[in-house]
Colleague: 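My structure is below; once you've seen it, I'll send some questions.
For reference, positions follow the sequence shown, starting with 1. Keep in mind that this is a model prediction, so the values were computed, not measured.
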Amino acid sequence: MLSLLRFLQDSDDVATPFGTFAQAIPHWGFIVIHTTLSIVAFWLSRKTKNNGFLFFILAELSYITYHAHLTHFLFAHTVAEVLDILALVTIAMGLTARSPGK
């Protein structure tokens with residue numbers, strides 16, 4: 001494992017990682033995307049009466065803080081991941097509570 005890490009660190013001729021084209025998208029573009037996802041999550045929250053979607057909205061707001069230059073990317077991403085798992089668990093618990101039988 002250590003030799004692999006050394007290889008990756010020392011290698012200058014490694015191909016450009018996939019997704020570098022995203023650097024050409026301005027920050028406001030990502031703010032529009034995350035805001036749209038927040039609106040969809042809010043609509044789903046109201047439609048399903050499941051508050052797990054509210055955690056997802058908070059996760060999207062965390063990403064927006066990075067694109068608005070208020071936080072560092074790794075911080076915003078870590079907070080968003082924690083909120084995403086809380087959303088997933090809350091939505092799943094809501095689904096199992098509503099499912100008949102057992």
Colleague: Give a yes or no on whether L86 and V79 share a hydrophobic cluster (residues Ile, Leu, Val, Met, Phe, Trp, Tyr; joining criterion: side-chain heavy atoms under 4.5 Å apart).
Modeller: yes
Colleague: With rounding to the nearest 0.5 angstrom, report the CG to OG1 distance, L54 to T90.
Modeller: 9.5 Å
Colleague: Apply ring-ring contact (aromatic ring centres under 6.0 Å, His included) to Y66 and list each qualifying residue two or more places apart in sequence or on a separate chain.
Modeller: H27, F73
Colleague: With the 4.5 Å side-chain cut-off for hydrophobic clustering, are F75 and I64 part of the same group?
Modeller: yes
Colleague: Check for me, please, whether L88 and I91 land in the same ILVMFWY cluster - side-chain distances under 4.5 Å, paths through other members count.
Modeller: no
Colleague: Measure the spacing between CD1 of I33 and CH2 of W28 and express it to the nearest 0.5 Å.
Modeller: 9.5 Å
Colleague: Can you find a pair of side-chain heavy atoms, one from F56 and one from L37, that are under 4.5 Å apart?
Modeller: yes
Colleague: Do L58 and V82 sit in the same hydrophobic cluster, where Ile, Leu, Val, Met, Phe, Trp and Tyr count as joined when their side-chain heavy atoms come under 4.5 Å apart?
Modeller: yes
Colleague: Drop me the distance from N51's CG to I57's CD1, to the nearest 0.5 angstrom.
Modeller: 9.5 Å
Colleague: In the structure I gave you, are the side-chain heavy atoms of Y63 and E60 within less than 4.5 Å of one another anywhere?
Modeller: yes
Colleague: Rounded at 0.5 Å granularity, tell me how far CE in M93 sits from CG in L95.
Modeller: 11.0 Å
Colleague: Quick check: closest heavy atoms across S45 and F53, and the distance to 0.1 Å?
Modeller: CB-CB, 3.7 Å
Colleague: With a 4.5 Å cut-off on side-chain heavy atoms, are I85 and E81 touching?
Modeller: no
Colleague: I need the minimum non-hydrogen distance between A87 and G52, along with the two atoms involved.
Modeller: CB-O, 3.2 Å
Colleague: By side chain to side chain donor-acceptor pair (under 3.5 Å), which residues pair with T78, not counting sequence neighbours?
Modeller: none
Colleague: For A68 and I31, work out which heavy atoms get closest and say how close.
Modeller: N-CD1, 4.3 Å
Colleague: Which distance, rounded to the nearest 0.5 Å, do you find between the OG1 of T71 and the NE2 of H77?
Modeller: 12.0 Å
Colleague: Can you sort out the partners of F42 under ring-ring contact (aromatic ring centres under 6.0 Å, His included), two or more places apart, ordered by chain and number?
Modeller: none
Colleague: Keeping S62 on the side-chain end and A76 on the backbone end, is there a donor-acceptor pair under 3.5 Å?
Modeller: yes
